[in-house]
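Reading through the structure tokens given below for one structure.
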Amino acid sequence: MSLNKPILWNFYRGASWRVRIALAFKKIDYEYKSVNIDKGEQFTKEYENINPNNEIPTLQIDGFNLTQTMPIIEYLDETRPSEPKLIPVDSYLRCKARSIAEIVNSGMQPYQKVIKRLGKELGEEEKNARLELSTKKAFKAIESILAETSGKYCIGDSITIADIFLVPAVHAARLQKINLNHYPTISRITDRLDQLPEVIQTHPKKQVDFQQS
């Protein structure tokens with residue numbers, strides 16, 4: 001393990017994008033290590049020694065193996081306190097930022113992973129209908145929070161963990177061709193975020209292991 005340059009074990013799509021965005025905003029250079037989950041590379045002995053839970057991403061930094069996107073990003077924010085502060089200082093706004101992130105992280109994503117695994121049993125039409133329903137439910141909840149907290153971004157005019165979790169979620173919804181017209185604040189914010197260099201350079205299509213679906 002390199003103590004000088006962090007190593008990010010990740011895949012071009014999915015939750016890994018969150019950590020890439022955070023690293024970009026914190027201006028942390030790192031080595032990109034691809035773990036192709038479509039080929040089951042997360043189950044290799046090499047990777048299991050790094051992450052016994054066989055999940056991505058894993059960030060090797062400061063001599064530690066860090067797992068799970070939420071604590072990874074919180075660690076980066078606490079140990080690299082330069083702007084932007086990804087976790088708001090204000091207690092209430094911090095709660096709201098984490099709420100938005102968790103709606104995606106522990107609400108929408110786990111359910112959708114199960115639905116995708118059951119794709120063959122459900123059939124394509126039923127699978128897509130369930131994915132759309134869960135996305136719309138999550139976005140409705142996020143939209144209601146943003147009515148109170150948003151400025152340029154999810155929490156006022158500063159980039160936070162809420163924006164980092166929202167970007168990949170909206171990207172996935174667009175790939176699924178889900179109509180986002182009922183979520184104007186989400187659309188406005190993500191359109192702005194999509195123009196930022198930190199989001200552009202970390203986009204799945206910009207990664208060395210990108211595969212056209």
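Because only heavy atoms are used, hydrogens play no part in the values below, and waters and symmetry mates are left out as well, while side chains stay in.
Qualifying side chain to side chain donor-acceptor pair (under 3.5 Å) partners for Ser16, counting only residues two or more places apart in sequence or in other chains: none. Evaluation of the salt bridge (charged side-chain N to carboxylate O under 4.0 Å, His left out) rule for Asp194 yields Arg174 as partners, not counting sequence neighbours. Residues passing the side chain to side chain donor-acceptor pair (under 3.5 Å) test with Glu102, sequence neighbours excluded: Ser106. By the salt bridge (charged side-chain N to carboxylate O under 4.0 Å, His left out) test, Glu41 is found to be paired with no residue, residues two or more places apart in sequence or in another chain being considered. For Lys137, there are no side chain to side chain contact (heavy atoms under 4.5 Å, CB included) partners, not counting sequence neighbours. Looking at residues two or more places apart in sequence or on another chain, you find no side chain to side chain donor-acceptor pair (under 3.5 Å) involving Gln207. The side chain to side chain contact (heavy atoms under 4.5 Å, CB included) search around Ser187 returns Leu180, not counting sequence neighbours. Scanning for salt bridge (charged side-chain N to carboxylate O under 4.0 Å, His left out) contacts around Lys33 gives Glu31, with sequence neighbours left out. Take Asp38 and apply the salt bridge (charged side-chain N to carboxylate O under 4.0 Å, His left out) test, not counting sequence neighbours, and it matches Arg13. For Tyr183, there are no side chain to side chain donor-acceptor pair (under 3.5 Å) partners, not counting sequence neighbours.
Side-chain contact check for Ser34 versus Asn10: every heavy-atom pair is 4.5 Å or farther apart. The shortest side-chain heavy-atom distance between Leu59 and Ile7 does not fall under the 4.5 Å cut-off. Contact check for Pro71 versus Leu66: no side-chain heavy atoms found under the 4.5 Å cut-off. No side-chain heavy atom of Glu55 sits under 4.5 Å from any side-chain heavy atom of Thr67. Counting heavy atoms from C-beta outward, Phe139 and Thr185 have side chains that stay 4.5 Å or more apart. Between Val35 and Thr58, every side-chain heavy-atom pair lies at or beyond the 4.5 Å cut-off. Using a 4.5 Å cut-off on side-chain heavy atoms (C-beta onward), Ile72 and Ile61 make no contact. Contact of the Leu122 side chain with the Arg130 side chain is registered, since non-hydrogen atoms from C-beta on lie closer than 4.5 Å.
Each of Val89 and Leu86 belongs to its own hydrophobic cluster when Ile, Leu, Val, Met, Phe, Trp and Tyr are linked at side-chain heavy-atom distances under 4.5 angstrom. Taken together through direct or relayed side-chain contacts under 4.5 Å among Ile, Leu, Val, Met, Phe, Trp and Tyr, Ile56 and Tyr32 form part of one hydrophobic cluster. Using a 4.5 Å cut-off between side-chain heavy atoms of Ile, Leu, Val, Met, Phe, Trp and Tyr, with links allowed through other members, Tyr30 and Ile200 fall into different hydrophobic clusters. Hydrophobic cluster membership differs between Tyr12 and Leu175, with clusters built from Ile, Leu, Val, Met, Phe, Trp and Tyr side chains linked at under 4.5 angstrom. Note: the hydrophobic cluster containing Phe210 also contains Ile37 (ILVMFWY, side chain heavy atoms under 4.5 Å, direct or indirect links).
The minimum heavy-atom distance between His171 and Pro204, with the atom names listed, is NE2-CG, 4.2 Å. For the pair Pro81 and Lys85, the tightest heavy-atom approach, listed with the atom from each and the gap, is O-CD, 3.8 Å. Nearest heavy atoms, Asp29 versus Pro6: O-CD, 3.2 Å.
We find the CD1-CG distance between Ile164 and Leu166 to be 11.0 Å, quoted to the nearest 0.5 Å. Separating the CG atom in Leu23 from the CD atom in Gln201 is a distance of 10.0 Å, to the nearest 0.5 Å. Atom OG1 in Thr149 sits 8.0 Å away from atom OH in Tyr92 (nearest 0.5 Å). The OG1 atom of Thr190 sits 10.0 Å away from the CG atom of Asp163 when rounded to the nearest 0.5 Å. Here NZ of Lys140 is found 14.5 Å from OG1 of Thr135. Values are rounded to the nearest 0.5 Å. Rounded to the nearest 0.5 angstrom, Ile161 CD1 and Arg18 CZ are separated by 9.0 Å.
The salt bridge (Lys or Arg N to Asp or Glu O under 4.0 Å) contacts involving residues 88-100 comprise Glu74-Arg98, where partners must be two or more places apart or lie in separate chains. Residue pairs meeting the salt bridge (Lys or Arg N to Asp or Glu O under 4.0 Å) criterion with at least one partner in residues 176-187, sequence neighbours excluded, are absent.
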Q) Gln211 and Asn36: side chain to side chain contact (heavy atoms under 4.5 Å, CB included), yes or no, with the steps? A) CA-CA 10 Å; Gln211 303 165 27; Asn36 190 325; 3.1 Å; yes

Q: Given side chain to side chain contact (heavy atoms under 4.5 Å, CB included), test Thr69 with Phe165 step by step and report yes or no.
A: CA-CA 9 Å; Thr69 58; Phe165 276 71; 3.5 Å; yes

Q. Can Arg20 and Leu8 be said to form a side chain to side chain contact (heavy atoms under 4.5 Å, CB included), step by step?
A. CA-CA 8 Å; Arg20 293 199 301 267; Leu8 179 62; 3.6 Å; yes

Q: Could you walk me through whether Leu193 and Val170 pass side chain to side chain contact (heavy atoms under 4.5 Å, CB included), step by step?
A: CA-CA 11 Å; Leu193 289 165; Val170 172; over 6 Å; no

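Looking only at distances, a side-chain donor or acceptor of Trp17 sits under 3.5 Å from a matching main-chain atom of Thr202. Counting only distance, with no hydrogens or angles, the side chain of Asn105 and the backbone of Ala101 share no donor-acceptor pair below 3.5 Å. No side-chain donor-acceptor contact under 3.5 Å links Glu48 to the backbone of Gln42. Using modelled atom types, one side-chain atom of Lys26 and one backbone atom of Arg80 make a donor-acceptor pair closer than 3.5 Å. With Ser150 contributing its side chain and Ile155 its backbone, the two residues share no donor-acceptor pair below 3.5 Å. Remark: the backbone N or O of Tyr47 is paired with a side-chain donor or acceptor of Thr44 at under 3.5 angstrom. Distance alone, capped at 3.5 Å, is enough to place a donor-acceptor pair between the Asp77 side chain and the Ile87 backbone.
The aromatic rings of Tyr75 and Phe64 sit perpendicular to each other, their planes meeting at more than 60°, with 30° as the lower class boundary.
Asn53 and Asn51 are not linked by any side-chain donor-acceptor pair at a separation below 3.5 angstrom, with hydrogens and angles left out of the test.
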